[in-house]
2 protein chains.
Amino acid sequence: MAQEQKDQVDENFVKEKEAAFAEFIQRKGLKTTRQRNTIISTFFRLRGHISVEELLTEVKKANPRIGYATVYRTLHLLVESNLVDERRFGYGLARYEGHSDVEHHDHMICLECGMISEFFNPRLEALQEKLAEENNFTIFRHRLELYGACQDKEACDRRKNQKAAEAQGA
Amino acid sequence: MAQEQKDQVDENFVKEKEAAFAEFIQRKGLKTTRQRNTIISTFFRLRGHISVEELLTEVKKANPRIGYATVYRTLHLLVESNLVDERRFGYGLARYEGHSDVEHHDHMICLECGMISEFFNPRLEALQEKLAEENNFTIFRHRLELYGACQDKEACDRRKNQKAAEAQGA
DNA sequence: GTCGAAAATGAAAATTGTTTTCGTAATCCA
DNA sequence: TGGATTACGAAAACAATTTTCATTTTCGAC
Ligand SMILES: [Mn+2]
Ligand SMILES: [Mn+2]
Ligand SMILES: [Zn+2]
Ligand SMILES: [Zn+2]
């Protein structure tokens, strides 16, 4: 039951995003394609902060002929349509997340186990606005990342080991 | 007089950093070289958030034979020695800043004119700590960037035009 | 349905920013 | 003043992303 409900919710979420994307494509006078449909429905079924490579791997399971270029191009459209946010934690590769309920949030990143947790605090947001105002500055968007370590070393180690095992297997 | 004093202060600042770097090099058992000296004394004479290319351009005025590799390598040493912070605003290239008086600060970046202003607010820092604690998380470092626009459109336009002119000249 | 202009695809090449390699040169301690 | 160690610099390698270009697909007009 619980599992069934979870899947149900997922499907609704995916359907919703697919519809929103279709609407965007329409509005921009672009064309609906099999590849784009595959990519976005794959993307919105994944959780977390997804890299292009991770996405492509999943996409290829549905259609192995789809390549990097189309995935990159489709992700740009998703960002442009505001259905997806691009993130750059640390240095290197971009990650993408379909923002679900929370419109905006910031991140804490554990440098040990890689855990990314999300938070939102209105006081923090308000304080940023106040500081901007004091500097005669108008904020369009911001980015706050806290880098550090989990205090629960047990859980942190567990995640770290799991990650190492996955890297081994892959 | 004012000009003279400013230069004087600059020179002290540069000397101080040169000495600190020399000490670092010593401590790590590395070697003092003409190139590294040129690069760091050039770097600490520049203000703001410097890209590798900008630095190399200046460095070449003192010694045209110095190349990218040595500049990159020396910047890594400067970061490792804690005399310099690496920044990544937006996407793309790294920028470096020698932190002077203020140990830590965050940034507001105007998307129109490129102006970067710096700020530090203890309440903001404290609030971050509180939020981390609530999530059983220990912060090592953080990064906060506010992207937006100057409210003073006059000044903003002036900077934008100046930038365009510079790009033209270059 | 068919046509055809416009848009999209995918493989490969190009770009960008950065790191590494490797043969040569400089440093510095015994 | 060796001579082992470290650094340099040009060029090659790299990694992530973008662009090119020849071919295929889409979709509105007929
Ligand atoms: Mn997130
Ligand atoms: Mn700064
Ligand atoms: Zn952790
Ligand atoms: Zn501005």
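Below, read A as the first sequence line, B as the second, and so on, with proteins coming before strands; counting in each chain starts at 1.
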So, taking the atom named CD in A:Glu145 and the one named CD1 in A:Ile116, what distance separates them when rounded to the nearest 0.5 Å?
9.0 Å
Nucleotide [N], atom [atom2] - distance to [atom1] of [X] in whole Å:
| X | N | atom1 | atom2 | answer |
| --- | --- | --- | --- | --- |
| A:Arg36 | C:dA8 | CZ | C1' | 6 Å |
| B:Glu86 | C:dG17 | CD | P | 14 Å |
| B:Arg95 | C:dG17 | CZ | P | 11 Å |
| A:Ile66 | C:dT9 | CD1 | C1' | 10 Å |

Shortest non-hydrogen contact from [X] toward [Y]:
| X | Y | answer |
| --- | --- | --- |
| B:Phe21 | B:Ser81 | CD1-OG, 4.4 Å |
| B:Gly98 | B:Val84 | CA-CG2, 4.1 Å |
| B:Ile66 | B:Leu56 | O-CD1, 3.7 Å |

Donor-acceptor pairs under 3.5 Å, side chain of residues 123-131 of chain B to any protein atom, not counting sequence neighbours: which ones?
unit_1: B:Glu125; atom_1: OE2; unit_2: B:His104; atom_2: NE2; d: 3.3
unit_1: B:Gln128; atom_1: OE1; unit_2: B:His142; atom_2: ND1; d: 3.1
unit_1: B:Lys130; atom_1: NZ; unit_2: B:Glu134; atom_2: OE2; d: 3.0

What are the bounds, 5' to 3', of the part of DNA chain D that sits under 4.0 Å from heavy atoms of chain A?
D:dA16 to D:dC27
Of all of residues 48-64 of chain B, which get a heavy atom below 4.0 angstrom from DNA chain D, listed by number?
none
With sequence neighbours excluded, what pairs up with B:Glu112 under the side chain to side chain donor-acceptor pair (under 3.5 Å) test?
B:Lys160
Any sub-3.5 Å donor-acceptor pair from A:Arg95's side-chain atoms to A:Gly48's backbone N or O?
no
Give a yes or no on whether the backbone of B:Gly90 and the side-chain of B:Tyr147 come within a donor-acceptor separation of less than 3.5 Å.
yes
Anything under 3.5 Å between a protein N or O and an N or O of nucleotides 21-26 of chain C, put it in a table, one pair a line.
unit_1: C:dT21; atom_1: O4; unit_2: B:Arg73; atom_2: NH1; d: 3.4

By nearest-heavy-atom nucleotide on DNA chain C, the more 5' of B:Gln26 and A:Leu30 is A:Leu30
Need to verify one output field. Residue with the more 5' nearest nucleotide on DNA chain C, B:Tyr68 or A:Arg65?
A:Arg65
Does C:dT19 have its OP1 or OP2 closer than 4.0 Å to a side-chain nitrogen or oxygen of B:Tyr72?
no
Test: A:Arg47 and A:Asp10 ion pair at under 4.0 Å:
yes
Using the ring-ring contact (aromatic ring centres under 6.0 Å, His included) rule, collect all pairs that involve residues 49-79 of chain B, keeping only residues at least two apart or in two chains.
B:His49-B:Phe89, B:His49-B:His107
Can you list the steps and then say if A:Arg45 with A:Val14 is a side-chain contact (heavy atoms from CB on, under 4.5 Å)?
CA-CA 7 Å; A:Arg45 265 168 239 279; A:Val14 173; 3.6 Å; yes
